[in-house]
Protein chains: 2
Amino acid sequence: MNAADDVLTILRTRSLSGVLEREIEKAILAGEIPAGKRVNENLLATRFGTSRGPVREALRALEGLGLVELIPNRGVFIRQPELEEAIEIYDVRTVLFGHAGKLLAERATETVIARLRDYLEQMEAAARSRDFDSYYPLNLAFHEFIIDSCGNATLAAQYRGLVKKLHLFRARSLVQGGGLEVSNSEHREMVDAVAARDPERAQRAHAEHVARAKARLIAACRKAAGEAQPQPN
Amino acid sequence: MNAADDVLTILRTRSLSGVLEREIEKAILAGEIPAGKRVNENLLATRFGTSRGPVREALRALEGLGLVELIPNRGVFIRQPELEEAIEIYDVRTVLFGHAGKLLAERATETVIARLRDYLEQMEAAARSRDFDSYYPLNLAFHEFIIDSCGNATLAAQYRGLVKKLHLFRARSLVQGGGLEVSNSEHREMVDAVAARDPERAQRAHAEHVARAKARLIAACRKAAGEAQPQPN
DNA sequence: CGACGAAAAACTGTCAACAGTTTTCTCTTT
DNA sequence: AAAGAGAAAACTGTTGACAGTTTTTCGTCG
């Protein structure tokens with residue numbers, strides 16, 4: 001991410017359908033449009049004060065990103081992953097995040113490591129005072145920072161796409177609060193491994209952090225389903 | 001990939017812009033449209049006998065897939081990765097393919113392993129007789145089969161997307177012929193590791209197979225550039 | 001002969017309208 | 001009262017046209 005990319009981003013956002021793409025994506029991820037339901041083009045067009053053309057274009061872009069699904073003559077539907085797909089996504093995320101950790105341990109500058117430690121301290125402070133409202137965004141920013149600092153923009157883009165898709169999983173809320181202290185001890189191990197310049201250890205720490213989130217999700221789903229349907233993996 | 005997915009694919013292809021998306025993607029990957037150049041909407045529309053609307057929608061879908069780039073008021077440009085990005089893509093591919101190998105070793109049925117061995121034999125036969133024309137598609141099918149058989153459709157989709165992007169790299173041709181026997185000995189190790197049900201070994205074998213392709217690409221680029229610009233990694 | 005600038009052509013962005021399909025509603029029949 | 005057929009409404013798919021921007025062309029000046 002350099003200055004040229006920023007300019008490009010601004011320019012892309014200038015075009016009407018570009019703005020629509022972002023706005024509709026935001027609306028979808030915020031859950032404004034009922035998941036799994038059809039997206040009404042006319043409604044969106046009138047809502048944003050445009051014609052249906054740009055709306056359709058934005059929706060096709062979102063289709064390419066994998067957030068919606070197109071069924072001919074029926075319309076655009078918001079994708080809603082089943083548990084099986086959520087597990088798949090978590091598995092890929094695990095691998096990518098693990099690799100990000102490895103890269104970080106190999107390449108991170110001292111400045112980056114200092115910022116990681118800074119995030120860690122803030123999160124620990126928030127966890128101690130049970131301040132979930134400030135912990136959550138911190139946690140998010142921490143993970144974003146790791147992905148952005150690993151030095152592989154392609155990996156970062158792929159990872160972000162996966163996280164977005166995971167937002168569409170119906171039972172996502174089940175895994176939201178996954179224990180502040182538990183999560184933070186994992187964070188500490190991640191940062192320590194990076195600071196120790198140990199790629200293997202960093203990879204393991206980062207991967208296991210996501211893998212445990214996956215495990216929590218599966219456990220929560222099983223519990224919610226009343227142990228009705230045993231899940232593999 | 002099951003029957004339901006096939007039906008969906010057929011349905012998607014039925015819509016005009018869906019067909020256009022595939023056709024335009026094919027044209028781009030085949031290099032019909034000069035890489036890096038602007039894509040002319042009118043030209044494509046007349047070529048396919050439609051209006052510009054569906055063409056624009058198809059292009060926006062391809063934008064979401066990361067094959068083209070949209071610059072407002074200037075048009076759609078075919079993305080052309082620099083060496084740096086190609087390396088990034090190879091790195092992610094390495095990780096994903098490695099994981100596919102690991103999954104395969106854990107889950108592959110005997111039928112799958114038998115087919116892997118079958119591919120291997122055919123490729124070895126083609127390599128012995130220096131029959132490159134039949135080796136290349138076999139090699140492609142072999143990799144596709146691995147990705148499809150690992151049991152993670154999300155991983156498969158991501159991997160395929162990366163391969164497509166790599167097709168846009170200008171110097172891709174440099175790495176095309178990477179030594180038939182070398183490549184095949186790597187293939188043998190991959191299959192053996194899977195057949196031995198050794199996930200760690202399979203992961204290593206699969207990852208290294210892609211990593212070596214990356215190394216060949218970098219070496220070829222350096223050579224082509226006359227050792228002018230030393231590349232990291 | 002090259003560079004600059006204005007006019008013209010080409011192209012993209014957006015819209016409104018029409019055709020065809022799907023969905024909903026209503027009325028009839030059992 | 002429930003089920004089914006037919007009509008009406010709603011919605012998607014596609015088109016052609018117009019407005020605004022960019023690119024090219026062409027003529028002029030240094």
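First the proteins, then the strands, lettered A, B, ... as listed; each starts at 1.
Residue R60(B) contributes atom CZ, which lies 13 Å from atom C1' of dT14(C) at whole-angstrom precision. Taking atom CG of residue L16(A) and atom P of nucleotide dT14(C), one finds them 4 Å apart after rounding to whole Å. Atom CG in N42(A) sits roughly 13 Å away from atom C1' in dA17(C) (whole-Å rounding). The CG atom of N40(B) sits 12 Å away from the C1' atom of dT23(D) (whole-angstrom rounding). For E41(A) and dA16(C), the CD to C1' distance is 15 Å, given to the nearest whole Å.
Closest heavy-atom contact between V194(B) and H206(B): CG2-CE1, 3.8 Å.
With hydrogens and angles ignored, the 3.5 Å screen pairs a side-chain donor or acceptor of T46(A) with a backbone N or O of L43(A). Looking at E88(A), its side chain does come within 3.5 Å of a backbone N or O of T154(B) through a donor-acceptor pair.
Classified by interplanar angle (parallel below 30°, tilted 30° to 60°, perpendicular above 60°), the ring pair Y135(B)/H187(B) is parallel. Using a 30° and 60° split on the angle between ring planes, F145(A) and Y119(A) fall in the tilted class, from 30° to 60°.
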- Note on the structure: In 5'-to-3' order, the base (B), backbone-only (S) or no-contact (-) status of each nucleotide in nucleotides 19-24 of chain C, using a 4.0 angstrom heavy-atom cut-off, is --SSS-
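Distance check: T111(A) OG1 to D118(A) CG gives 12.5 Å after rounding to the nearest 0.5 Å. Rounding to the nearest 0.5 angstrom, the gap separating the OG atom in S183(B) from the CZ atom in R216(B) is 6.0 Å.
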- Under the side-chain contact (heavy atoms from CB on, under 4.5 Å) criterion, do L44(B) and L20(B) qualify, and how do the steps go? CA-CA 9 Å; L44(B) 284 176; L20(B) 284 182; over 6 Å; no
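Across residues 43-59 of chain B, R52(B), R56(B) each have a non-hydrogen atom less than 4.0 Å from an atom of DNA chain C (numbered order).
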